[in-house]
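Taking it in order: structure first as structure tokens, then the write-up.
Each ligand, and each atom within it, is numbered from 1 in the order the structure gives.
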Amino acid sequence: MNILGIESSCDETACAVVRDGREVLSSVVYTQIPLHRPYGGVVPEVASRAHIEKIAGVIAEAQNRFREKEPGGKIDAVAVTYGPGLASSLIVGLNAAKGIASGLGVPLIGVNHIEAHLHTPFLFDSGSPCATPDPEERMPALGLAVSGGHTSWVDMPEYGRYEIIGQTLDDAAGEAFDKAAKLLGLGYPGGPVMDRYAKAYWLGRDPSDAAGLRGVPYPPIKRLPDGLPEFPKGHPRQGSAALSGLDADLCVSFSGLKTALLRYVQKVSGASGAGDSFAEAAAKGALPKEMVPAVVASYQEAIVGAIADRTARALRRRAYRALIVGGGVSLNGRLRVKLAEVAESAGVELMLAAPGNCGDNAAMIAGLAFYRRNIAGDAAMKVDVHPSLEAGDEP
Ligand code: KG4
Ligand code: ZN
């Protein structure tokens with residue numbers, strides 16, 4: 001079964017065709033990052049306008065590549081992200097998907113974006129020798145979705161069933177990276193550049209040598225030097241109302257981290273003023289250049305350490321077969337090393353996506369739709385966008 005998927009929940013316009021849930025026949029991603037960079041974050045109006053401008057071309061390109069691969073091949077269904085995400089962006093993809101599904105006379109399937117990130121380790125490129133396993137064979141699994149908008153731990157007793165057992169109470173991991181990078185004047189998006197600076201620190205290399213650092217593995221971690229800011233461990237207080245009934249041992253809170261960084265930058269740069277906002281502090285001046293890599297390495301250790309700790313705790317709660325990780329932050333080199341250690345000591349298989357599938361893409365939407373034909377056909381034609389959807393929610 002060939003499913004054409006469409007994704008437009010945030011700042012990527014994407015379309016893909018996937019066979020039987022795992023084999024990627026074509027995948028096209030247009031990223032709007034350069035459009036949002038001047039603003040230091042995603043601007044919803046800019047995003048929806050760019051989706052409108054690009055979506056037809058992206059869909060046409062994905063269909064062309066599919067036809068080249070499969071001359072005469074048919075699309076059997078159309079899948080689309082209906083949430084979570086920016087309402088004005090989601091609606092562009094949803095309307096395009098409805099148009100294509102009705103034009104082709106095939107069912108439309110609504111897909112949850114977070115659940116789709118947890119499908120990415122099961123995708124493989126058509127023609128590649130390494131096909132991936134049937135997801136059902138890896139159940140029960142613990143899912144970890146770490147992206148710019150989400151950080152959640154999800155219990156997956158069988159494929160297609162999701163229950164959130166832990167999450168961030170405030171900022172997502174990617175957001176914590178992005179906000180810190182903004183404060184340090186490292187640009188947008190922050191995750192990749194923070195990853196590079198931290199790696200350069202541990203290797204004792206120049207952080208600006210991006211090409212030289214690429215592909216070099218993270219070395220073993222030494223002790224951090226004294227005098228760095230005390231970054232909180234992100235462990236919420238047990239019993240806090242913000243937990244909404246979840247166990248604090250499986251939740252994180254990252255907002256204190258950026259405040260600790262802000263106070264430190266203010267102290268060192270003399271840009272003080274207890275009430276300064278992040279943007280003000282950033283504009284007033286940052287740390288001396290030579291201090292940045294060590295501070296970034298320490299900040300990253302706090303985020304990665306918190307995620308690894310909660311993951312290890314979750315893995316102790318139940319006998320899982322696999323740890324399934326998805327989302328842009330799963331590209332982080334240090335997180336990958338730590339999660340491999342955690343998975344090994346828990347005796348579960350670590351399943352990470354290919355780097356090209358970690359960020360937002362449509363192959364994950366088309367792929368998961370094969371397993372989640374929950375909302376299809378006429379009912380799907382009535383589906384609206386659900387900007388605040390969580391994993392496991394049924395709209
Ligand atoms: O999954 P994604 O592409 O979009 C969302 O659904 O949010 O994730 C984007 C996030 C951004 O916050 C970006 O800074 C972060 O993923 N990211 C990383 C790395 N690469 C991307 N964070 C840490 N280390 C990285 N190497
Ligand atoms: Zn995403």
| Are K98 and L94 close enough, and set up right, to give a side chain to side chain contact (heavy atoms under 4.5 Å, CB included), and what steps lead you there? | CA-CA 6 Å; K98 285 181 176 175; L94 183 64; 4.0 Å; yes
| task | Looking at H113, pick out the N, O or S atom nearest to the Zn ion (ligand 2) and give its name. | result | NE2
| said: As a test of reading the structure, name the N/O/S atom of D360 that is nearest the Zn ion (ligand 2). | reply: OD1
| query | Is the distance between the Zn ion (ligand 2) and the nearest N/O/S atom of C10 smaller than 2.8 Å? | reply | no
| With a cut-off of 2.8 Å, does any N, O or S atom of H150 fall short of it relative to the Zn ion (ligand 2)? | no
List every atom of ligand 1 that sits less than 4.0 Å from any heavy atom of [X], numbering the atoms from 1 in the order shown and giving each element.
{"X": "G359", "result": "3 (O)"}
{"X": "G149", "result": "7 (O)"}
{"X": "F177", "result": "22 (N), 23 (C)"}
{"X": "H117", "result": "1 (O), 6 (O)"}

Could you tell me whether [X] approaches ligand 1 through its side chain, its backbone, both or neither, with non-hydrogen atoms closer than 4.0 Å?
{"X": "D178", "value": "side chain"}
{"X": "H113", "value": "side chain"}
{"X": "H150", "value": "neither"}
{"X": "D195", "value": "side chain"}

Determine whether [X] and [Y] make a side-chain contact, defined as any pair of heavy atoms from C-beta on separated by less than 4.5 Å.
{"X": "V296", "Y": "Y201", "result": "no"}
{"X": "N2", "Y": "L25", "result": "yes"}
{"X": "Y188", "Y": "K182", "result": "no"}

| message | If the threshold is 4.0 Å, N to carboxylate O, is there a salt bridge linking R372 and E115? | response | yes
| task | Compare A172, P355, A173, G328 and give the one whose heavy atom is closest to atom 21 (C) of ligand 1. | result | G328
| request: For atom 23 (C) of ligand 1, state which one of G191, G327, A145 supplies the nearest heavy atom. | output: G191
| task | Answer yes or no: does an N/O atom from G174 fall short of 3.5 Å to an N/O atom of ligand 1? | result | yes
| query | So is C10 in contact with ligand 1, going by heavy-atom distances below 4.0 Å? | reply | no
| Quick check: are there more than 12 heavy atoms from other residues, nucleotides or ligands sitting under 6.0 Å from CZ of R49? | no
| request: Report, as yes or no, whether the 6.0 Å neighbourhood of atom CD on E344 holds more than 12 heavy atoms from other residues, nucleotides or ligands. | output: no
Identity and separation of the nearest protein heavy atom to [atom]:
{"atom": "atom 9 (C) of ligand 1", "value": "G148 N, 3.7 Å"}
{"atom": "atom 6 (O) of ligand 1", "value": "D360 OD1, 3.1 Å"}
{"atom": "atom 15 (C) of ligand 1", "value": "V329 CG2, 3.9 Å"}
{"atom": "atom 24 (N) of ligand 1", "value": "N332 ND2, 3.0 Å"}

| Who else is in the cluster with V46 when I, L, V, M, F, W and Y are joined by side-chain contacts under 4.5 Å? | V28, Y30, L35, Y39, V43, V58
| message | Show the nearest heavy-atom pair for residues S26 and R65, with the distance to one decimal. | response | CB-CB, 3.6 Å
| remark: Nearest heavy-atom contact between V42 and A47 is CG1-CB, 4.3 Å
| query | Does any N or O in the side chain of T132 come within less than 3.5 Å of the main-chain N or O of F122, such that one atom is a donor and the other an acceptor? | reply | yes
| How far apart are the C-alpha atoms of T81 and N112, what are their side-chain angles, what is the distance that settles it, and do they pass the side chain to side chain contact (heavy atoms under 4.5 Å, CB included) test? | CA-CA 6 Å; T81 308; N112 178 313; over 6 Å; no
